[in-house]
Amino acid sequence: KVVATLAYPVLMTLIGAVLVSFLMVAVVPKVTGIFENLGQALPWYTRLLIFVSDIIAGYWWLILILIFGSSYAFRRWIKTAKGRYKWDSMSLRWPIFGRLNRLVAMARFSRTLATLLASGVPLLKAMEISRNVLGNARLQTVVAEAIGSIREGESIADPLKRSGQFPPMVTHMIAVGEKTGQLEAMLDNVSRAYEADVETRVQALTSLLEPLMIVILGGVVGFIAMAILMPLIQMNELVQ
C-alpha cells in the first residue's frame, strides 16, 4: 500500500522534471534571447530563469552524471551494514513517513510473533523469526538486544520499552499479555490496530500527495510562464 501510494507522486515528479527540463533547454533560451538583444532591464525572476536555463542547457551532461553517480553511491552505501543502520534510523524520524514506517514494522512484528507463538514455536525462536520481518535494521538491533535480555531472565516488554523504539501501546500490551498468559491475543490486537492505522494514514497520504504534486508542478510551470510573459507585457506598455 505504501509503495502504491508513492507510485503516482513519483511518476508525476518524473514527468514534471522532463517537462521542465524541456522548457529550460528548448523553449526558454529562444524566448529570453529576445530580451537580451533589447538591452532592457529584466525582473529578478526573469534573470533567475535565464540563469537556471543556462546552467541546465550548458551542463545537462554534468547534472545527469551527478544524479546517476549519487544514486549509485547511495545504493552501494545502503547495502553496507553501517549504511543500512543509519538509513533505517533516519527513516524512523522522517516527518509523516517515519511514523508510517514504524507502524508497518510494528504490525509485521506483532502479527508474525502472535502467529508463531500460537503455533507452538518457542518464544526465543519466534522472536528471532519476527525480528527478520521488521524490515528495519535499527528495530532489528533492538529486538536482538531484547532476545539477549530475555535469555538472562528478563520479561519481553522491559527491554523493548527501554529502547524507546517500540511505541508504549506495544510494550504495554505485551506486558499485559505476559502477566495474563494471553500474549498471542494481545499481539494480535496490536497488529490489527496498527494495520487499521496504516490503512487510514495511507488513504490520507493518497488524498494529499496527488493534489500537492499537481500544485507544485503547476507552480513551477506558472513561474516559467510569468518570467517570460511579464517582460513582454512591460515591453508592450512601453511601446504603447
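All heavy atoms count here, side chains included; hydrogens, waters and symmetry mates do not. One is the number of the first residue; the rest follow in order along the sequence.
- With rounding to the nearest 0.5 Å, the separation of OG in S91 from NZ in K86 is 14.5 Å.
- Between F223 and W44, the angle of the ring planes lies from 30° to 60°, which puts this pair in the tilted group.
- Distance alone, capped at 3.5 Å, is enough to place a donor-acceptor pair between the R102 side chain and the Q165 backbone.
- Enclosure of atom OH in Y45 by more than 12 non-hydrogen atoms of other residues, nucleotides or ligands within 6.0 angstrom is indicated.
- Looking at S130 and V143, their side chains never come closer than 4.5 Å, going by heavy atoms from C-beta outward.
- Nearest heavy-atom pair across P159 and S155 is CD-O, 3.1 Å.
- Put simply, the side chain of K161 does not reach to within 4.5 Å of the side chain of H172, judged on heavy atoms.
- Hydrophobic clustering (side-chain heavy atoms under 4.5 Å, transitive across Ile, Leu, Val, Met, Phe, Trp, Tyr) keeps L208 apart from M12.
- Within 6.0 Å of the OH atom in Y59, the count of heavy atoms belonging to other residues, nucleotides or ligands does not exceed 12.
- A distance of 10.0 Å separates CZ in R151 from CE in M127, rounded to the nearest 0.5 Å.
- Applying the salt bridge (charged side-chain N to carboxylate O under 4.0 Å, His left out) test to residues at least two apart or on different chains, none of the pairs has a partner in residues 67-79.
- Cluster annotation: L212 and V10 are assigned to distinct hydrophobic clusters (Ile/Leu/Val/Met/Phe/Trp/Tyr, side-chain heavy-atom contacts under 4.5 Å, transitive).
- A distance of 11.0 Å separates OG of S70 from CD1 of I65, quoted to the nearest 0.5 Å.
- Linking Ile, Leu, Val, Met, Phe, Trp and Tyr residues whenever their side-chain heavy atoms come within less than 4.5 Å leaves V20 and L11 in two separate clusters.
- Remark: of the listed residues L113, T115, L116, L116 is the sole one forming a side chain to side chain contact (heavy atoms under 4.5 Å, CB included) with V121.
- Results of the side chain to side chain contact (heavy atoms under 4.5 Å, CB included) test with I156 over I147, L123, L187 single out L123 as the only residue that passes.
- Here the side chains of V221 and L19 are in contact, with some heavy-atom distance below 4.5 Å.
- When all heavy atoms of T80 and G83 are compared, the closest pair comes out as OG1-N, 3.1 Å.
- Smallest separation of non-hydrogen atoms from A157 and E178: N-OE1, 3.3 Å.
- Residues V18 and L14 do not share a hydrophobic cluster, clusters being chains of Ile/Leu/Val/Met/Phe/Trp/Tyr side chains in contact below 4.5 Å.
- Taken to the nearest 0.5 Å, the CD atom of Q140 stands 7.5 Å off from the CG atom of D88.
- The pair R162-D158 does not count as a salt bridge, with every side-chain nitrogen at least 4.0 angstrom from each carboxylate oxygen.
- To the nearest 0.5 angstrom, W94 atom CH2 is 6.5 Å from N101 atom CG.
- Transitive grouping of hydrophobic side chains (ILVMFWY, heavy atoms separated by less than 4.5 Å) keeps I129 and V104 in distinct clusters.
- The side-chain heavy atoms of N136 and R108, taken from C-beta on, include no pair separated by under 4.5 Å.
- By the 4.5 Å heavy-atom criterion applied to side chains, P167 and M106 are counted as neighbours.
- Using a 4.5 Å heavy-atom cutoff, the side chains of L139 and F109 are not in contact.
- By the 6.0 Å contact criterion, CH2 on W60 is open, its count of non-hydrogen atoms from other residues, nucleotides or ligands being 12 or less.
- Put simply, the side chain of S21 gets close to the backbone of A17: a donor and an acceptor are under 3.5 Å apart.
- A227 and L49 get closest at one heavy-atom pair: CB-CD2, 3.5 Å.
- A distance of 13.5 Å separates CE of M90 from CZ of R138, quoted to the nearest 0.5 Å.
- Here the closest non-hydrogen pair linking W61 and G58 is NE1-O, 3.4 Å.
- Using a 4.0 Å cut-off between charged nitrogen and carboxylate oxygen, R111 and E195 count as a salt-bridge pair.
- Residues L124 and E128 have side chains not in contact (no heavy-atom distance under 4.5 Å, counting atoms from C-beta outward).
- At distances below 3.5 Å, not a single donor-acceptor pair connects side-chain atoms of D197 with backbone N or O atoms of A193.
- Contact between E184 and A114 at its shortest, heavy atoms only, is O-CB, 3.6 Å.
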